[in-house]
Amino acid sequence: GRLDWDVGELERAQPELRDLIAEVPLDTAALTQLGAILCVERDGAAASHILEPALLAHANDARLWNSMGIARMTERSLSEAARAFKRALQLAPRLSEAANNLGQLERLRGRPELALIAFRWAVRLEASNAGAASSALAAAQESAHSDAQHLRALHAVWSRRYGDAARREM
């Protein structure tokens with residue numbers, strides 16, 4: 001089966017991906033794709049269930065951790081989502097989509113200053129990430145404290161929270 005489904009093909013993609021996973025249970029590409037489809041369909045619990053065995057077998061796969069973060073965020077398990085995104089970024093500090101997703105999570109948690117730092121990280125990693133750039137602007141507008149001194153203080157908090165990877169990439 002192929003793994004490059006368009007949104008309009010999701011209905012057809014699920015059974016084909018499930019067949020592929022039945023043949024190769026720990027195919028990370030197929031599991032990640034099926035997890036993404038389930039998240040698009042707002043079924044984060046099913047996505048988490050699909051991704052858990054793959055994470056047990058491939059604990060150092062940053063993209064799987066990022067996918068699990070999306071699934072947990074879809075479930076509204078925000079602290080678990082934060083742990084998953086953090087793990088993804090520890091494993092792959094240059095994974096811009098994980099930084100962007102962490103920004104989305106921080107924004108959802110009502111922390112626009114932290115979201116802004118994550119979005120800036122994502123844009124620095126991938127300048128063409130228009131979603132992160134747009135989200136950074138929105139987070140800056142939501143933030144009542146976007147002055148440089150305050151952002152430096154938040155950066156220090158962020159670095160402590162998300163580790164050396166954040167310090168190196170920001």
Side-chain angles (χ1 to χ4, degrees), residues 1-119 121-122 125-126 129-132 134-136 138-139 142 157-158 161-163 165-166:
R2 68 175 230 248
L3 298 176
D4 60 341
W5 304 101
D6 293 326
V7 173
E9 300 176 301
L10 296 182
E11 195 172 302
R12 195 179 91 232
Q14 259 197 64
E16 290 186 27
L17 285 166
R18 289 183 189 278
D19 289 346
L20 177 59
I21 293 165
E23 291 174 30
V24 185
L26 295 177
D27 183 315
T28 58
L31 289 164
T32 300
Q33 185 68 44
L34 182 56
I37 289 169
L38 292 168
C39 286
V40 166
E41 294 179 346
R42 309 309 274 158
D43 194 348
S48 294
H49 179 74
I50 291 289
L51 293 168
E52 284 169 355
L55 277 172
L56 289 174
H58 303 284
N60 292 325
D61 188 318
R63 292 195 183 279
L64 278 175
W65 281 107
N66 183 56
S67 294
M68 180 60 86
I70 295 168
R72 296 296 192 199
M73 195 163 60
T74 302
E75 290 180 78
R76 306 291 285 178
S77 298
L78 303 185
S79 61
E80 290 181 34
R83 280 192 294 276
F85 292 136
K86 178 181 176 181
R87 182 68 180 138
L89 288 166
Q90 286 171 338
L91 292 168
R94 301 195 58 77
L95 187 60
S96 68
E97 58 262 34
N100 184 54
N101 290 333
L102 188 54
Q104 295 293 347
L105 175 67
E106 294 297 353
R107 194 168 174 208
L108 187 61
R109 292 169 119 181
R111 302 183 211 182
E113 293 91 355
L114 291 176
L116 179 59
I117 292 169
F119 293 136
W121 183 3
L125 293 173
E126 187 179 339
N129 191 334
S134 173
S135 296
E142 291 169 5
V157 169
W158 181 269
R161 182 174 290 164
Y162 295 104

Peer 1: Applying salt bridge (Lys or Arg N to Asp or Glu O under 4.0 Å), name anything that partners Arg63, two or more places apart in sequence or on another chain.
Peer 2: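 With sequence neighbours excluded, Arg63 shows a salt bridge (Lys or Arg N to Asp or Glu O under 4.0 Å) to Glu97, given in chain and number order.
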Peer 1: Could you state the interatomic distance from CG (Leu116) to CD (Glu106), rounded to the nearest 0.5 Å?
Peer 2: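 Taking CG in Leu116 and CD in Glu106, the distance rounds to 11.5 Å.
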Peer 1: Restricting to side chain to side chain contact (heavy atoms under 4.5 Å, CB included), what partner residues turn up for Leu108, sequence neighbours left out?
Peer 2: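 Per chain and number, Leu108 pairs via side chain to side chain contact (heavy atoms under 4.5 Å, CB included) with Met73, Arg76, Leu78.
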Peer 1: Run the side chain to side chain donor-acceptor pair (under 3.5 Å) test against Arg18 and tell me which residues pass, sequence neighbours left out.
Peer 2: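 Applying side chain to side chain donor-acceptor pair (under 3.5 Å) to Arg18 gives Gln14.
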Peer 1: Roughly how far, to the nearest 0.5 Å, is CG of Leu64 from CG of Leu26?
Peer 2: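 Leu26 atom CG to Leu64 atom CG measures 9.5 Å (nearest 0.5 Å).
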Peer 1: Let me know which of Asn60, Asp61, Asn66 forms a side-chain hydrogen bond (donor to acceptor under 3.5 Å, both in side chains) with Arg87.
Peer 2: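 One option only clears the test, and that one is Asn60.
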Peer 1: Just one of Leu20, Leu17, Ile21 clears the side-chain contact (heavy atoms from CB on, under 4.5 Å) bar with Leu31, so which one?
Peer 2: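 The single option meeting the side-chain contact (heavy atoms from CB on, under 4.5 Å) with Leu31 is Ile21.
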Peer 1: What I'd like to find out is whether the side chain of Glu16 reaches to under 4.5 Å of the side chain of Leu34, using heavy atoms alone.
Peer 2: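 Side chain of Glu16 against side chain of Leu34, heavy atoms only: no contact under 4.5 Å found.
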Peer 1: Under the side chain to side chain donor-acceptor pair (under 3.5 Å) rule, collect the residues that match up with Asp19, sequence neighbours excluded.
Peer 2: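 Partners of Asp19 under the side chain to side chain donor-acceptor pair (under 3.5 Å) test: none.
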Peer 1: Test Arg83 against Ser77 for side-chain contact (heavy atoms from CB on, under 4.5 Å), laying out the working first.
Peer 2: CA-CA 10 Å; Arg83 280 192 294 276; Ser77 298; over 6 Å; no
Peer 1: Search all heavy atoms of Ala99 against all heavy atoms of Ala118 and return the closest pair with its distance.
Peer 2: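 Looking at all heavy atoms of both residues, the closest pair is O-CB, 3.5 Å.
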Peer 1: Are any side-chain N or O atoms of Trp121 and backbone N or O atoms of Arg94, one a donor and one an acceptor, separated by less than 3.5 Å?
Peer 2: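 No, Trp121 side chain to Arg94 backbone: no donor-acceptor pair under 3.5 Å.
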Peer 1: Determine whether Phe119 and Arg107 satisfy the following criterion, side-chain contact (heavy atoms from CB on, under 4.5 Å), listing intermediate values before the conclusion.
Peer 2: CA-CA 10 Å; Phe119 293 136; Arg107 194 168 174 208; 4.2 Å; yes
Peer 1: Let me see the working for Ile70 and Phe85 under side-chain contact (heavy atoms from CB on, under 4.5 Å), right down to the final yes or no.
Peer 2: CA-CA 8 Å; Ile70 295 168; Phe85 292 136; 4.1 Å; yes
Peer 1: Check whether any side-chain heavy atom of Leu102 sits under 4.5 Å from a side-chain heavy atom of Leu105, and report yes or no.
Peer 2: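 Answer yes - side chains close enough.
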Peer 1: Would you tabulate the side-chain donor-acceptor contacts of residues 47-56 under 3.5 Å, counting partners in other chains and residues two or more places apart, or write 'none'?
Peer 2:
| unit_1 | atom_1 | unit_2 | atom_2 | d |
| --- | --- | --- | --- | --- |
| Ser48 | OG | Gly44 | O | 3.1 |
| Ser48 | OG | Arg72 | NH1 | 3.3 |
| Ser48 | OG | Glu75 | OE2 | 2.5 |
| Glu52 | OE2 | Arg72 | NH2 | 3.0 |

Peer 1: Applying side chain to side chain contact (heavy atoms under 4.5 Å, CB included), can you list everything that pairs with Ala46, at least two apart in sequence or on another chain?
Peer 2: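 Per chain and number, Ala46 pairs via side chain to side chain contact (heavy atoms under 4.5 Å, CB included) with Leu38, Asp43.
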